[in-house]
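We count ligands from 1, going down the list as the structure has it; atoms in each ligand are counted the same way. All values below come from the heavy atoms of this structure, side chains included, with hydrogens, waters and symmetry mates left out.
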Amino acid sequence: MREALPLFPERASTMAGSVDSLYIFLIVVSVFFSLLIAFSIIYFAIRYRRRSETERPAPVHGGLALELVWTVIPFLLTMVMFGWGASVYFELYRPPDDAMNIYVVGKQWMWKVQHLGGQREINELHIPIGRSVKLTMTSQDVIHDFFVPAFRTKADVLPGRYTNIWFKPTKPGKYHLFCAEYCGTEHSGMIGWVYVMEPAAYEVWLAGGAAGGTLASNGEKLFQSLACSNCHRPDLTGRGPNLVGVFGRPVQLEGGGTVTADENYIRESILNPAAKVVAGYQPVMPTFQGLVTEEELLQLIEYIKSLSTPPAATPAAAPTPVRRKR
Ligand code: CUA
């Protein structure tokens with residue numbers, strides 16, 4: 001369904017309308033003032049041209065009313081732009097709590113996607129219509145930028161940390177996915193498709209792709225095989241802090257201060273364990289830099305997250321008993 005004037009890409013998310021309204025407002029204001037200024041220049045150039053060699057115009061001593069008008073009107077207009085833009089921005093970059101999480105790793109030159117159920121895809125993203133989707137994204141090399149024009153959303157994908165975007169698709173279909181940050185020779189080829197599917201078709205798709213276990217269960221296997229479980233014991237006898245119930249909570253740090261145990265903190269604690277040591281523990285943990293890939297980091301994070309959600313929500317990854325005491 002294309003409009004008569006295809007100025008904008010298709011609108012396929014709940015945010016597309018409000019982003020476009022803001023853009024149209026900016027365009028209308030810009031066009032209006034561009035025309036006003038251009039015509040004024042031409043009009044004044046003709047109206048006040050020098051008519052003879054000897055003409056000397058009378059000096060002008062300002063006009064308070066005029067100056068107030070051309071100060072106050074632009075001020076109000078720019079404040080409207082600021083307020084409106086800020087509100088759209090906050091909506092665009094604050095994922096709703098019920099959003100389903102999907103992980104994205106960018107690399108030269110492809111998009112690697114991991115779903116919670118263990119489904120993986122490259123340069124494709126399958127999502128159901130009408131559900132909020134949050135992407136947690138990182139890069140294993142340089143800066144990329146995840147851009148889906150039909151959803152009117154994009155964000156830089158940075159090495160060494162996690163960034164998020166979210167969207168709620170409103171229209172089934174196939175939409176362009178671009179890398180919007182120059183990232184090397186084949187930047188222009190770092191493209192893909194987002195498939196917005198009807199819920200039933202999405203379930204069929206999900207069922208067809210989960211061969212290797214859920215992200216959290218893969219994370220648990222890694223947690224065992226990397227021997228994390230030797231020190232991070234749920235019964236508090238280990239040399240590392242208990243990780244059950246930690247995700248999303250504030251953590252007291254050695255030497256004062258607190259940090260929220262979010263994805264970025266867990267990532268840092270795995271790769272640079274001495275950076276923010278939990279109060280009461282020694283900085284004895286070795287770094288896992290170079291030993292775990294970006295995808296494996298995400299699996300470990302998902303496992304640690306699963307330790308904090310009620311077992312009913314993730315039956316497959318329900319942690320072992322022995323705990324509950326604080
Ligand atoms: Cu990745 Cu441009």
Side-chain angles (χ1 to χ4, degrees), residues 6-13 15-16 19-20 22-23 85 88-89 92-95 99-116 118-127 132-169 173-197 205 209 215 218 262-264 266-268 270-272 288-302:
L7 194 59
F8 295 91
E10 209 165 350
R11 295 189 182 101
S13 80
M15 288 304 298
V19 172
D20 284 0
L22 176 62
Y23 255 89
V88 170
Y89 178 87
L92 207 49
Y93 287 96
R94 209 180 268 160
M100 60 186 267
N101 195 19
I102 297 175
Y103 291 103
V104 174
V105 176
K107 66 166 271 196
Q108 289 170 320
W109 289 275
M110 63 172 77
W111 297 107
K112 298 186 285 184
V113 175
Q114 293 190 102
H115 296 259
L116 292 192
Q119 298 83 356
R120 290 154 178 265
E121 32 189 347
I122 286 179
N123 293 340
E124 290 190 344
L125 172 62
H126 288 76
I127 48 175
S132 302
V133 175
K134 176 176 116 175
L135 302 182
T136 301
M137 310 184 293
T138 189
S139 165
Q140 68 181 62
D141 39 46
V142 299
I143 299 176
H144 304 277
D145 189 295
F146 192 95
F147 180 31
V148 183
F151 297 163
R152 304 293 190 279
T153 188
K154 69 200 278 274
D156 274 7
V157 174
L158 307 168
R161 58 187 264 201
Y162 297 114
T163 51
N164 294 115
I165 54 172
W166 79 276
F167 40 77
K168 188 173 190 172
K174 181 182 174 190
Y175 304 103
H176 279 292
L177 155 62
F178 295 116
C179 178
E181 178 77 46
Y182 181 70
C183 56
T185 316
E186 287 171 46
H187 155 72
S188 61
M190 194 168 162
I191 55 179
W193 294 101
V194 178
Y195 296 89
V196 176
M197 309 173 83
W205 180 85
L215 276 198
N218 287 333
D262 58 6
E263 289 93 345
N264 281 310
I266 294 175
R267 176 200 175 82
E268 181 186 62
I270 294 171
L271 299 179
N272 185 12
F288 286 81
Q289 188 91 50
L291 299 176
V292 283
T293 64
E294 290 297 339
E295 277 108 327
E296 288 171 339
L297 274 171
L298 294 170
Q299 292 166 11
L300 286 168
I301 287 171
E302 200 50 43

Give me the protein N, O or S atoms that fall under 2.8 Å of atom 1 (Cu) of ligand 1, sorted by chain and residue number.
His144 ND1, Cys179 SG, Cys183 SG, Met190 SD
Does this structure show an ion pair linking Glu294 with Arg267, if we count only N-O contacts that are shorter than 4.0 Å?
yes
Near Tyr89 OH, under 6.0 Å, is it more than 12 heavy atoms from other residues, nucleotides or ligands?
no
For Val19, give me all partners under side-chain contact (heavy atoms from CB on, under 4.5 Å), at least two apart in sequence or on another chain.
Tyr23, Val88, Leu92, Arg152
Thr293: which residues meet the side-chain contact (heavy atoms from CB on, under 4.5 Å) condition with it, sequence neighbours left out?
Glu295, Glu296
Output all residues satisfying side-chain hydrogen bond (donor to acceptor under 3.5 Å, both in side chains) with Glu181, sequence neighbours left out; order by chain, then residue number.
none
Does one side chain, of Gln108 or His187, offer a donor that lies under 3.5 Å from an acceptor on the other?
no
